[in-house]
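The basis for the numbers below is simple: all heavy atoms, side chains too, and nothing from hydrogens, waters or symmetry mates. Residue numbering restarts at 1 for every chain, and letters A, B, ... go by the order of the sequence lines.
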Amino acid sequence: MVRRSNLDLTFSSVGSSSLPNFAVKSLQTTLLNWYDQQGRDLPWRNTRDPYAIWVSEIMLQQTQVKTVIPYYERWLQAFPTVSDLAQAELDRVLKVWQGLGYYARARNLHKAAQEITRNSNGIFPSNVEQVLALPGIGRTTAGGILSAAFNQPLPILDGNVKRVLARLIALEVPPAKALNLLWQLSETLLEPEHPRDFNQALMDLGATVCTPKNPECDRCPWTFQCQAYHLGQQSNFPMRETSAPIPHKFIGVAVIWNEAQQILIDKRHPEGLLGGLWEFPGGKVEAGETLAECIKREIQEELGIEIAVGDHLITIEHAYTHFRVTLNVYHCQHINGIPQPIECEEIRWVTLEEIESYPFPKANIQIIEALKTFVASQVS
DNA sequence: AAAACGTGGAG
DNA sequence: TCTCCAAGTTT
């Protein structure tokens with residue numbers, strides 16, 4: 001005797017392939033009608049250019065529409081076509097992306113543009129397998145691009161869709177534990193004649209009505225079919241994963257000046273956290289070490305030079321996804337030795353004016369602002 | 001397969 | 001202040 005899991009019960013209570021036809025049709029029709037009336041007018045919905053749509057899909061990964069819009073407009077100004085992007089320097093690409101976060105997205109966009117230019121003369125592929133093979137494009141993004149650009153009937157499963165579907169079937173486990181089920185459901189529901197509008201509608205529903213907090217069920221076209229709604233448990237779905245507490249790192253950071261009033265910055269390795277971005281050098285404070293000792297040691301280890309640690313400039317609290325940092329930033333003086341890129345990609349002496357043209361992470365932008373204020377106060 | 005990977009906004 | 005999490009992908 002086979003014991004049925006909660007998953008099976010949940011799914012069969014709605015059915016996927018066994019979902020009655022009338023229910024699917026009804027869901028499709030009501031959603032498409034709702035989209036006609038209530039769908040958002042977004043910049044990337046006014047084009048069928050797969051490149052522009054691709055850019056929007058990448059920017060929208062883990063990022064809200066409101067945040068993306070100005071970046072999207074600027075990006076297309078800077079890189080109007082695949083080959084413009086392919087030919088650009090990575091530094092310039094990262095500069096245009098600066099502030100959007102998850103910088104691997106920009107590096108992958110750049111790399112993929114070069115592949116497309118090399119392999120298909122700059123023409124974005126319309127074949128799913130080829131699209132999926134590009135760096136930075138997974139199943140959801142591939143489905144999003146190809147349904148939006150070419151009206152191909154490919155399902156999507158982003159955060160919005162996971163939430164909408166989890167509520168629709170009152171999914172008894174966190175979405176991450178039921179991805180196969182959710183993909184099947186997204187595929188089953190997809191309206192085969194209007195995949196473009198249907199996918200966009202599903203995302204709009206999640207973003208504007210079936211929101212994480214306080215969903216507006218009285219505006220929803222699906223309440224009649226929604227299990228969570230009928231249980232009166234909309235806000236308890238989707239179920240949450242338990243999250244581990246994140247570490248807090250205490251960092252010493254050096255603004256190293258030379259006699260020419262230039263500042264030493266370094267470029268991070270191309271992979272990993274903030275890969276390819278520039279920063280002020282520094283590192284983690286060890287147990288029993290003062291900030292000045294930490295900074296002196298880190299600079300010796302990373303750049304091979306001797307410095308004197310001077311006045312405090314600013315202290316910055318910053319939260320990343322999986323840890324927090326306190327940046328303790330100090331003015332430093334170059335004493336001797338020629339800086340070597342021991343633990344970074346590249347190093348450079350720059351003036352405060354030049355520094356603006358380099359891509360920096362958010363926390364470092366605050367250091368630059370503090371430096372500008374400091375220099376202005378020195379003059380007066 | 002769990003962990004890495006940014007930032008901004010909402011409550 | 002703090003938690004959650006947003007049009008996810010990669011390793």
Side-chain angles (χ1 to χ4, degrees), chain A residues 39-40 42-45 53-72 94 97-109 111-112 131-148 154-166 174-177 179-180 182-183 186 196 199-208 210-215 235 238-248 268-277 279 316-325 359-366:
Chain A
R40 293 175 291 180
L42 301 173
W44 41 90
R45 288 185 182 163
I53 291 168
W54 169 38
V55 169
S56 76
E57 290 287 342
I58 300 298
M59 288 185 170
L60 287 161
Q61 289 170 2
Q62 305 288 161
T63 311
Q64 295 185 337
V65 165
K66 184 183 169 191
T67 304
V68 165
I69 289 176
Y71 279 91
Y72 173 80
L94 288 171
W97 195 273
Q98 176 181 294
L100 243 198
Y102 286 142
Y103 297 91
R105 294 183 294 173
R107 301 194 301 268
N108 285 150
L109 223 26
K111 189 177 173 194
V131 172
L132 237 18
L134 294 168
I137 300 184
R139 191 172 173 190
T140 285
T141 301
I145 296 170
L146 292 175
S147 62
L154 296 168
I156 56 172
L157 189 61
D158 66 358
N160 289 131
V161 180
K162 284 175 187 164
R163 184 173 56 256
V164 169
L165 299 185
K177 303 282 182 231
L179 291 181
N180 286 336
L182 291 168
W183 272 110
S186 180
R196 170 188 296 125
N199 281 343
Q200 298 298 316
L202 211 41
M203 290 190 283
D204 271 16
L205 186 65
T208 66
C210 195
T211 51
K213 294 160 200 163
N214 308 317
S235 296
M239 302 194 71
R240 289 195 208 145
E241 301 275 7
T242 56
S243 53
I246 63 176
H248 189 146
R268 296 174 62 88
H269 287 303
E271 305 297 325
L273 183 71
L274 306 169
L277 274 71
E279 66 178 5
I316 297 165
E317 299 289 343
H318 190 75
Y320 294 96
T321 309
H322 54 298
F323 64 92
R324 294 171 180 286
V325 291
F360 280 86
K362 170 69 186 332
N364 280 243
I365 297 293
Q366 295 181 61

Query raised in the report: Side chains of A:R45 and A:Q200: do they bring a donor and an acceptor to under 3.5 Å?
Result: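 Yes - a donor-acceptor pair under 3.5 Å links their side chains.
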Euclidean distance, atom [atom1] of residue [X] to atom [atom2] of [N] [Å, nearest integer]:
{"X": "A:Y71", "N": "C:dA6", "atom1": "OH", "atom2": "C1'", "answer": "15 Å"}
{"X": "A:I316", "N": "B:dG6", "atom1": "CD1", "atom2": "P", "answer": "17 Å"}
{"X": "A:E241", "N": "B:dA2", "atom1": "CD", "atom2": "C1'", "answer": "11 Å"}
{"X": "A:R268", "N": "B:dC5", "atom1": "CZ", "atom2": "C1'", "answer": "11 Å"}
{"X": "A:I246", "N": "B:dC5", "atom1": "CD1", "atom2": "P", "answer": "13 Å"}
{"X": "A:I365", "N": "B:dG6", "atom1": "CD1", "atom2": "P", "answer": "15 Å"}
{"X": "A:F360", "N": "B:dG6", "atom1": "CZ", "atom2": "P", "answer": "16 Å"}
{"X": "A:I69", "N": "C:dA7", "atom1": "CD1", "atom2": "C1'", "answer": "12 Å"}

Counting the atoms with a prime plus P, OP1 and OP2 as sugar-phosphate, which does [X] contact under 4.0 Å by heavy atoms, base, sugar-phosphate, or nothing?
{"X": "A:R45", "answer": "base"}
{"X": "A:E317", "answer": "nothing"}
{"X": "A:W97", "answer": "nothing"}
{"X": "A:A207", "answer": "sugar-phosphate"}
{"X": "A:L157", "answer": "nothing"}
{"X": "A:V65", "answer": "base"}

Determine the Euclidean distance between corresponding [atom1] atoms of [M] and [N]; express it in Å to zero decimal places.
{"N": "B:dA4", "M": "C:dA7", "atom1": "P", "answer": "24 Å"}
{"N": "B:dG9", "M": "C:dT9", "atom1": "C1'", "answer": "23 Å"}
{"N": "B:dA1", "M": "C:dT11", "atom1": "C1'", "answer": "10 Å"}

Strictly below 4.0 Å: does [X] bring a side-chain N or O up to OP1 or OP2 of [N]?
{"X": "A:R163", "N": "C:dA6", "value": "yes"}
{"X": "A:R324", "N": "B:dG6", "value": "no"}
{"X": "A:Y102", "N": "C:dA6", "value": "no"}
{"X": "A:H322", "N": "B:dC5", "value": "yes"}
{"X": "A:R240", "N": "C:dC5", "value": "yes"}

[X] and [Y]: which non-hydrogen atoms are nearest, and at how many Å?
{"X": "A:L165", "Y": "A:S186", "result": "CD1-N, 3.9 Å"}
{"X": "A:A176", "Y": "A:E241", "result": "CB-OE2, 3.0 Å"}
{"X": "A:G144", "Y": "A:I156", "result": "N-CG2, 3.5 Å"}
{"X": "A:L94", "Y": "A:A106", "result": "CD2-CB, 4.0 Å"}
{"X": "A:Q98", "Y": "A:P359", "result": "OE1-CA, 3.2 Å"}

Query - Distance flag, aromatic centroids of A:H322 and A:Y320, threshold under 6.0 Å - result: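 Between A:H322 and A:Y320, which both carry aromatic rings, the centre distance is not below 6.0 Å.
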Requested in this report: Please tell me if the side chains of A:V55 and A:M59 come closer than 4.5 Å, counting only heavy atoms from C-beta onward.
Outcome: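 With C-beta onward as the side chain, the pair touches.
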Listed pairs, N/O of protein and of nucleotides 9-11 of chain C, under 3.5 Å:
| from | atom 1 | to | atom 2 | distance (Å) |
| --- | --- | --- | --- | --- |
| C:dT9 | OP1 | A:G138 | N | 2.8 |
| C:dT9 | OP1 | A:G138 | O | 3.2 |
| C:dT9 | OP1 | A:T141 | N | 3.0 |
| C:dT9 | OP1 | A:T141 | OG1 | 2.9 |
| C:dT10 | OP1 | A:G136 | N | 2.5 |

Query - Partner set under side-chain hydrogen bond (donor to acceptor under 3.5 Å, both in side chains) for A:T140, not counting sequence neighbours - result: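 Expected list: none.
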Report task. Assess whether atom CZ of A:R40 is packed by more than 12 heavy atoms of other residues, nucleotides or ligands within 6.0 Å. Result ->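 Atom CZ in A:R40 is packed in, count exceeds 12.
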Query raised in the report: Atom OH of A:Y102 and atom CD of A:Q61: how far apart are they, to the nearest 0.5 Å?
Result: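 Atom-to-atom, A:Y102:OH and A:Q61:CD are 10.0 Å apart.
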Output one line per pair: protein atom, nucleotide atom from nucleotides 8-11 of chain B, and distance, for all N/O pairs under 3.5 Å.
| from | atom 1 | to | atom 2 | distance (Å) |
| --- | --- | --- | --- | --- |
| B:dG8 | OP2 | A:K362 | NZ | 2.9 |

